[in-house]
Amino acid sequence: SDCDAQLDRLARLRARPRRRGARGWHARCGRVGVRRAARRARRRALRSLVIQVVGRGGARVLPRQVATDVPAPTLGGATKAAAPRKTKKLLIGVRACSLSPSDYRMLSGDCALVKTTRVPFVPGGDIAGVVLESESDEFATGDAVIATWGPFFGEGGLAERAAVDATLAAPFFPSDRLGFVEAAALANSAPRALVAVEQFVRAGDRVLVLGGSGGMGTMLVQLAKRAGASRVVAKKDRRGAPALLRR
């Protein structure tokens, strides 16, 4: 019958050996599938442990999770055919990450006017760690660095690895008094406090610091004293702050 003839013809076509170097649709799909599988395998081989934000609502009620299957950031250096990247990047192995009021605003969603962040995301913009890869001539693999975010609300710090802008990073030398934890706390508050003191504080000035026990406040108290202020008055925000400020 016609049905049996069609089945026989189909069987012969399936049994026919394929030609080498075939350029048919199936061959192209096969090559694309192999490349996609290779890319997926490379991504699976490079994973990062992160703390993800999976909802909104503030730090107290915010659902969080520790994820181990998140692809680690890579620099993906420019090839010869591609144009060189304008902004040089650093891939940092994070040793410490500090959180600030800007991170809380991201958690609660209050920063929506200047930046929209989709969940899940990895919070944290102020980090300290060791350079794993560098696109900048100013940094080499193994350098200890401090890095911050810019211009609006950083992400990706609460992870094993983070990619940052090289212009927002600075080298430092770990010691007994300045380790990675302390360096991460200085990444954003210390430079801003230094700019404020250099612009507005002169020798003999009297300085009032509101929130003197916070990250930027503690920097302002010390830098104002160093700049020659005759008196530095700080408003405390929590218990134990006076002893901290006296030190």
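Every value quoted in this text rests on a predicted model; they were computed, and no experiment measured them.
Here the straight-line distance linking atom CE of Met219 with atom CG of Asn188 works out to 12.0 Å at 0.5 Å rounding. Note that the CE atom of Met216 and the CG atom of Leu210 stand 11.5 Å from one another [nearest 0.5 Å]. The distance from atom CD1 of Ile92 to atom SG of Cys97, rounded to the nearest 0.5 Å, is 11.0 Å. Ser134 contributes atom OG, which lies 12.5 Å from atom NZ of Lys89 (distance to the nearest 0.5 angstrom).
The two residues Ala128 and Ala184 come nearest to each other via the heavy atoms CB-N, 3.8 Å. Closest heavy-atom contact between Leu186 and Pro191: O-CD, 3.2 Å. Contact between Ala187 and Ala147 at its shortest, heavy atoms only, is CB-O, 3.5 Å. Shortest non-hydrogen contact noted between Ile146 and Ala183 is CG2-O, 3.5 Å. Summarising the geometry of Val201 relative to Ala227, their closest heavy-atom pair is CG1-CB, 4.1 Å, with the distance given to 0.1 Å. Heavy atoms only, all atoms of each residue included: Ala159 and Val122 are closest at CB-CG1, 4.4 Å.
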Let me see the working for Leu220 and Val197 under side-chain contact (heavy atoms from CB on, under 4.5 Å), right down to the final yes or no.
CA-CA 7 Å; Leu220 286 171; Val197 170; 3.9 Å; yes
Applying side-chain contact (heavy atoms from CB on, under 4.5 Å) to Val50 and Leu158, what does each step give before you reach the verdict?
CA-CA 6 Å; Val50 303; Leu158 289 177; over 6 Å; no
Does the pair Glu135 and Leu75 meet the rule for a side-chain contact (heavy atoms from CB on, under 4.5 Å), with working shown?
CA-CA 8 Å; Glu135 293 179 341; Leu75 296 185; 3.8 Å; yes
Just do the side-chain contact (heavy atoms from CB on, under 4.5 Å) check on Thr74 and Leu91 with the steps written out, would you?
CA-CA 7 Å; Thr74 59; Leu91 182 62; 5.6 Å; no
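Judged by distance alone, with hydrogens and angles left aside, the side-chain atoms of Glu155 form no donor-acceptor pair with the main-chain N or O of Pro123 at under 3.5 Å.
Under the 4.5 Å side-chain heavy-atom criterion for Ile, Leu, Val, Met, Phe, Trp and Tyr, Leu99 and Leu49 are members of the same hydrophobic cluster. In the hydrophobic clustering of this structure, Ile127 does not group with Leu132; members are Ile, Leu, Val, Met, Phe, Trp, Tyr whose side-chain heavy atoms approach within less than 4.5 Å, directly or through other members.
Using a 4.5 Å heavy-atom cutoff, the side chains of Val145 and Val130 are not in contact. You'll find the side chain of Val209 stays beyond 4.5 Å of the side chain of Val233, heavy atoms only. In this structure, the side chains of Val94 and Arg161 stay at 4.5 Å or more apart for every pair of heavy atoms.
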What side-chain donor-acceptor pairs closer than 3.5 Å can you find for residues 166-179, not counting sequence neighbours?
from	atom 1	to	atom 2	distance (Å)
Thr167	OG1	Asp165	OD1	3.0
Thr167	OG1	Asp165	OD2	3.1
Ser175	OG	Arg177	N	3.4
Ser175	OG	Leu178	N	3.2

